[in-house]
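So the structure is just underneath, and the comments pick up after that.
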2 protein chains.
Amino acid sequence: MTYEQLKKVALTQFALHGYEGASLTQIASEVGIKKQSIYTHFKSKDELFISTFNDAVDNELLFVKKFISKNKAKPLREILYNFLNEYLDSYNKENSNTSFFLRTSFFPPIQLKDLIKNGTDKYVSELEEIFKLLFEQKCGILKPNVNERTATLAFLTILDGLFVELLYGNSERLDIRLSEAWYVYWQGISNERGG
Amino acid sequence: MTYEQLKKVALTQFALHGYEGASLTQIASEVGIKKQSIYTHFKSKDELFISTFNDAVDNELLFVKKFISKNKAKPLREILYNFLNEYLDSYNKENSNTSFFLRTSFFPPIQLKDLIKNGTDKYVSELEEIFKLLFEQKCGILKPNVNERTATLAFLTILDGLFVELLYGNSERLDIRLSEAWYVYWQGISNERGG
DNA sequence: ATCATCCTTCCGAACGGTCGTAAGGATATA
DNA sequence: TATATCCTTACGACCGTTCGGAAGGATGAT
């Protein structure tokens, strides 16, 4: 269906060039139609953009939820560490979804700022809830002076920090940061001995 | 001087709208000249952009170096924690420098990608060096199984993660993340008892 | 002191192009 | 016949860029 194709192509183009840099001509041409035909499906560039963005938010959350439900039987430590690896890894696999989501959330086109922020807030708060729940289910692992909320927020801060390194584009440095930040994080929250 | 004024205005415009979204007409108008006059000082939009970017890299590093040299007498814990606070704080004070630097480093215009990456790598590697040196000078504080490099990279990852929260634009959430991530980080690296 | 020269800075006019958008007609499906 | 989809044609606005020339200050020669 052209409608879905349009959003798919728009995703990669917006991820690559941003809102202003991506042109309807280019998007249409990759779908195989003329740009004027876009207006059969979307009434403006703005509408195409935020429709694509809302999908991107849902897909990001879907990825997280699927991962958690697929791995919930494993030990907490393994879940968290693998999550970082897989999430960052998925970024490089022709997956423009995360790139587009981050780009848009960080630097939205001004006239759409509010709409974008809704999606961003939804993403962050759901993410916090998902991991807080996970920590609560996997109890007995945290230091007594570290509660689930603290462990969640520190974990997500590291995830965000690694996204930054991902965007900087130096994959060797990313690997190192991942292992070092993880090491300190786990030592900071877990009650393991000699960890 | 018009030359400096141009770079100053360009900084805020590029920070706000990105490379493609910022127009020479608007930049010139805020300086008080016509866009044609820009070409007296820069031979293209690209040149204005990367000239502004190189300045931004230098200014970011300058901020860090000044802070460290001003605070080097204080305890390590205080330096690091205050650094996070002041760096993030400076972002909101009509300071487009960090915003422009991050935006450009994350999502450079494609034709300038290599030039931008040089500046980004310079920034990151100098930052790593600065803090590694700091940790080496303030010895006796780290856990025996945490070396200076690990402490540095984990710290900078947290800094980056907080930048993300800054870009998301929810300042209350930022404050919470800062304190929680810091708590876990310090507990992960320091040899303090009952900290 | 006057004049010609040069350089810097700026601007008016205009270039070729691309942008997002609109209206209306063709085509095919149902 | 009705509806959905895509097309052609065209619009006005804005884009970065170029060119020629106007203004003004500085310099050096007369």
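Computed from a prediction, not measured in an experiment: that's the story for all the values here. Just so we're on the same page: letters track the sequence lines, and every chain starts at 1. Below, all heavy atoms of this structure are taken into account, side chains as well, without hydrogens, waters or symmetry copies.
In terms of phosphate contacts, B:Thr2 brings a side-chain nitrogen or oxygen within less than 4.0 Å of OP1 or OP2 of C:dC10. When the side-chain nitrogen and oxygen atoms of B:Thr40 are compared with OP1 and OP2 of C:dT8, none of them lie within a distance under 4.0 Å. Applying the 4.0 Å criterion to OP1 and OP2 of C:dT18, one finds that A:Ser23 has every side-chain N and O outside that range.
Here B:Ala28 lies out of heavy-atom contact (under 4.0 Å) with every strand.
Rounded to an integer number of Å, the gap from CG of B:Leu24 to P of D:dT17 is 6 Å. The interatomic distance linking B:Lys34 (NZ) with D:dG21 (C1') rounds to 17 Å, in whole Å. Following rounding to the nearest Å, A:Lys43 (NZ) and C:dG20 (C1') show an atom-to-atom distance of 15 Å. What separates NE2 of A:His41 from P of D:dC6 is a distance of 4 Å, to the nearest Å. The distance from atom CD1 of A:Ile33 to atom P of C:dG20 is 14 Å, rounded to the nearest whole Å. When the P atom of D:dG16 is taken as reference, atom OH of B:Tyr39 falls 7 Å away, rounded to whole Å. Atom CD1 of A:Ile27 is separated from atom C1' of C:dG20 by 12 Å (rounded to the nearest Å). In this structure, A:Lys35 places its NZ atom 11 Å from C1' of C:dA22, rounding to the nearest Å.
Under the 4.0 Å criterion applied to side-chain N and carboxylate O atoms, A:Glu148 and A:Lys132 are not assigned as salt-bridge partners.
Annotation for A:Lys8: atom NZ does not count as buried by contact number, only 12 or fewer foreign heavy atoms lying within 6.0 Å.
Residues B:Tyr19 and B:Gln13 bring no donor and acceptor atom of their side chains to less than 3.5 Å of each other.
Between the side chain of A:Gln36 and the base of D:dT9 there is at least one donor-acceptor pair of N/O atoms closer than 3.5 Å.
Sorted by first then second residue, the salt bridge (Lys or Arg N to Asp or Glu O under 4.0 Å) pairs that include residues 23-45 of chain A, not counting sequence neighbours, are A:Lys43-A:Glu47.
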